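Let me begin by presenting the structure, written as structure tokens, before commenting on it.
Bear in mind that the values here come from a model prediction, so they are computed numbers and not experimental data. For this chain, numbers begin at 1 and follow the sequence in order.
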Amino acid sequence: TTRYITQDLDHFSWESPSPGNVTSFAQRYMVHDAFWHAGGPIFFYTGNEADVELYANNTGLMWENAEEFGALVVFAEHRYYGRSQPFGTYTTGGDDAKWDPTKLRFLTHEQALADYAVLIYHLRTAFKGGAGAASPVVAFGGSYGGMLAAWLRLKYPGSVIGAVAASAPVLAFPGMSPTFDAETYWGVVTRDASDAIAGCDRLVRRAFTTLFAASAVELTHAFRLCTPLQQLGTGTANRGTQEPGTRTVESGGTHPELGRGESDPEDAKSRLAMFLAVAFDTMAMGSYPYPSNYMTGGGDAPKLPPWPITAACRAMVNAVSSPGDKKVQDHNAAAENAVESMALLEGLRDAAGVFNNASGSAGVCYQLPADDEYDGIWDYQWCTELLPQETYFAADGRRDMFWKSTPNATWVADRCRRTFGWIAEGAGPRRRWIAASTGGGVTGLAQGSNIVFSNGALDPWSSGGVMVNLSSSVTAVVIARGGHHTDLFFSDPADPPSVVAARRTELELVRGWIGEWRRDQARLG
């Protein structure tokens, strides 16, 4: 059942001046009560950066165990996503307008956590006449939702008795201890490729080197681009000084500027390279043993194959080892090098095409996305709170299979000012706020209780996750053959033993939390 609750736009101010004097909005949530009885537990999903239906349709761990626990199943939608839009839209409209930052300023993880605390209070006091007054609430979440689940337990311990935080990169922030090395994210993607097919990572690295040495015309042909690459440069400043033979992760053009003014071929190469890199990291996250469209958007979206990185590496290896009719007959060295270069580029295209052309459409041409950081409204959450976005992470081209990139704070602040003009000169993200507000890393997290952090070893976000037990009640589950919060999904015959064991451990912990809570309540009378 779909329901709505009226939420304050600003939970932390007596007055909330906003465009149109909006002071509240309707937050969507979904409820399933077929197995619930008064006082039964509440399984509460802390929605993240998408339409809540995506999570409701995929979080099988909650659905499959609701009957055994007698649980009320609730999926809450994050403000500014899906249908929970405080202003109906976050854009200003018009050809040259992308964002309205005066409307976006109420988009913070703190406001979202407060929304969830209010909704949980409503469920316990008003839902079905207050039948949930004696109901223990367990938070579940994956990725950013996993971070929210853990933070909800840390910051609102009276709202939830425990949290299952899957693939939650809670340590991927400046100021954390241990220090987060963002390059390790791309290192995990590289390891996945190396483990999938021996030598795949080396071929991909060579292909990216070849990409930056090739001409725009050659790249347009090799990658079947809909728009010639030479027409796609932004002509704007890069993240930092670009060294010969290296790249920047992204070239820094504001969204309305794309495709305008004087083109910059090197800029366009960076955009193409990121288009390909994002495909690899998405396939690494989607390391599931069965076909799945979770990483392509769910619903009617095409499915990725089982173990998509393996499929991508197979395409890469096949293209390079079998260049077919491009073989050179006269053994001319220059011609042979040209053939090898084209094979590398086309192999990179086909490997990334496992994701970029997941439907397998014949004769497809590729249009580079206009959103050059691939993050949409999430960019605001990066610019204000540094909520992790991999396209801003560094790479070095040695420990990983990509290319050298060194994003810097000046570039980030400049981009954020250009995109969200209200950010004052000299200001930027609250770089250390999340570290400060959660205890600065593992020491702070260890002060919490009843939190289980799970991470798939194949998931690049494990690089910012909790991988060891922090205390007797803040524990870690590392899933050897797990992708991005695989353990939250519906069970499948193809699940590796490590995924099955992870779910078993998580459910045992949830039972323990509920039992402990009930004993405490009985003791209190």
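When all heavy atoms of A50 and Y55 are compared, the pair lying nearest together is CB-OH, 3.2 Å. Here the closest non-hydrogen pair linking S463 and T184 is CB-OG1, 3.4 Å. Nearest heavy atom pair, residue I120 against residue S159, reads CG2-O, 3.6 Å. The two residues S473 and G448 make their nearest non-hydrogen contact at OG-O, 4.1 Å. Of all non-hydrogen atoms in F393 and P388, the two that sit nearest each other are CZ-CB, 4.0 Å. Counting all heavy atoms, side chain and backbone alike, A312 lies closest to A351 at O-CB, 3.2 Å.
Annotation: salt bridge (Lys or Arg N to Asp or Glu O under 4.0 Å) contacts of E183 (sequence neighbours excluded): R399.
Aromatic rings from F180 and W461 are positioned such that their centres are separated by 6.0 Å or more. Here Y29 and F44 keep their ring centres 6.0 angstrom or further from each other.
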**OP:** In sequence, state the C-alpha distance, the side-chain angles, and the governing distance for W63 and F75, and then conclude on ring-ring contact (aromatic ring centres under 6.0 Å, His included).
**Re:** CA-CA 11 Å; W63 291 111; F75 288 87; 5.7 Å; yes
**OP:** I would like to know whether L387 and W382 meet side chain to side chain contact (heavy atoms under 4.5 Å, CB included); could you show each step before the answer?
**Re:** CA-CA 5 Å; L387 290 176; W382 161 270; 5.8 Å; no
**OP:** Start with the C-alpha gap between R206 and T209, add the side-chain angles, then the distance that decides, and say whether side chain to side chain contact (heavy atoms under 4.5 Å, CB included) holds.
**Re:** CA-CA 5 Å; R206 285 171 55 198; T209 300; 5.6 Å; no
Subject >> Trace of the side chain to side chain contact (heavy atoms under 4.5 Å, CB included) decision for V204 with L276 >> reply: CA-CA 10 Å; V204 172; L276 302 166; over 6 Å; no
Subject >> Audit row: T1, H32, side chain to side chain contact (heavy atoms under 4.5 Å, CB included) steps and yes/no >> reply: CA-CA 6 Å; T1 303; H32 182 75; over 6 Å; no
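In this structure, the separation between CE on M285 and CG on D192 is 11.0 Å, given to the nearest 0.5 Å. One finds the CG atom of N450 at 5.0 Å from the CZ atom of R153 (value rounded to the nearest 0.5 Å). The structure places CZ of R398 at 6.5 Å from NZ of K404, a figure rounded to the nearest 0.5 Å. Separation of atoms CD (E346) and OG (S341) is listed at 11.0 Å; rounding is to 0.5 Å. The CG atom of L445 lies 5.0 Å from the CZ atom of F453; values are rounded to the nearest 0.5 Å. In this structure, N58 CG and Y45 OH are separated by 9.0 Å, a value rounded to the nearest 0.5 Å.
M176 has its side chain within reach of I434: a pair of non-hydrogen atoms, C-beta onward, lies under 4.5 Å apart. Proximity of T108 to T384: side-chain heavy atoms (C-beta onward) are nowhere separated by under 4.5 Å. Taking the side chain as every heavy atom from C-beta outward, M30 and V52 approach each other to under 4.5 Å. Under the 4.5 Å side-chain criterion, counting only non-hydrogen atoms from C-beta, V189 is in contact with F402. In this structure, the side chains of V31 and L72 come closer than 4.5 Å at one or more pairs of heavy atoms. V160 places none of its side-chain heavy atoms less than 4.5 Å from the side chain of Y116. Residues L203 and V317 are in side-chain contact: their nearest non-hydrogen atoms beyond the backbone lie under 4.5 Å apart. Inter-residue side-chain proximity for L154 and I451 is flagged as met; some heavy-atom pair is nearer than 4.5 Å.
H78 and N48 share no side-chain donor-acceptor pair at under 3.5 Å. Counting only N and O atoms by type, the side chains of S454 and H485 include no donor and acceptor under 3.5 Å apart. With hydrogens and angles left out, the side-chain atoms of S491 and E64 include a donor and acceptor closer than 3.5 Å. Of the N and O atoms on the side chains of Y185 and D281, at least one donor lies less than 3.5 Å from an acceptor on the other residue. Looking at S167 and D459, their side chains do bring a donor and an acceptor atom within 3.5 Å of each other.
Within 6.0 Å of the CD atom in E67, the count of heavy atoms belonging to other residues, nucleotides or ligands does not exceed 12. Enclosure of atom NZ in K155 by more than 12 non-hydrogen atoms of other residues, nucleotides or ligands within 6.0 angstrom is indicated.
Checking side-chain atoms of T46 against main-chain N and O of F140 turns up a donor-acceptor pair under 3.5 Å. At least one donor-acceptor pair closer than 3.5 Å links the side chain of E77 to the backbone N or O of R83. Within the 3.5 Å criterion, the main-chain N or O of F212 finds a donor-acceptor partner in the side chain of K269. The main-chain N or O of A476 is found under 3.5 Å from a side-chain atom of N469 such that the two form a donor-acceptor pair. Between the side chain of T220 and the backbone N or O of L229 there is at least one donor-acceptor pair closer than 3.5 Å. Looking only at distances, no side-chain donor or acceptor of W307 sits under 3.5 Å from a matching main-chain atom of A196. Side chain of N65 to backbone of F69: no donor-acceptor contact under 3.5 angstrom is found. Side chain of R79 to backbone of P86: no donor-acceptor contact under 3.5 angstrom is found. For R349 (side chain) and R224 (main-chain N/O), no donor-acceptor pair under 3.5 Å exists by modelled atom type. Although no hydrogens or angles enter the test, the distance criterion places a donor-acceptor pair under 3.5 Å between the side chain of T296 and the main chain of P302.
Pairs passing the disulfide bond (SG atoms under 2.5 Å apart) check and including a residue from residues 287-318, sequence neighbours excluded, read C200-C313.
Evaluated for a side-chain hydrogen bond (donor to acceptor under 3.5 Å, both in side chains) with Y144, the options Q381, H109, E49 yield exactly one hit, Q381.
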Side chains of residues 502-510: which donor-acceptor partners sit under 3.5 Å, not counting sequence neighbours?
from: R503; atom 1: NE; to: D487; atom 2: O; distance (Å): 3.0
from: R503; atom 1: NH1; to: D495; atom 2: OD2; distance (Å): 2.8
from: R503; atom 1: NH2; to: T486; atom 2: O; distance (Å): 3.1
from: R503; atom 1: NH2; to: F489; atom 2: O; distance (Å): 3.3
from: T505; atom 1: OG1; to: A501; atom 2: O; distance (Å): 3.1

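Relative to the ring axis of W186, R191 does not place its NZ or CZ within 45° and under 6.0 Å from the centre.
Using a 30° and 60° split on the angle between ring planes, Y288 and Y294 fall in the perpendicular class, above 60°. Relative orientation of the F173 and W151 rings is tilted, given thresholds of 30° and 60° on the angle between their planes.
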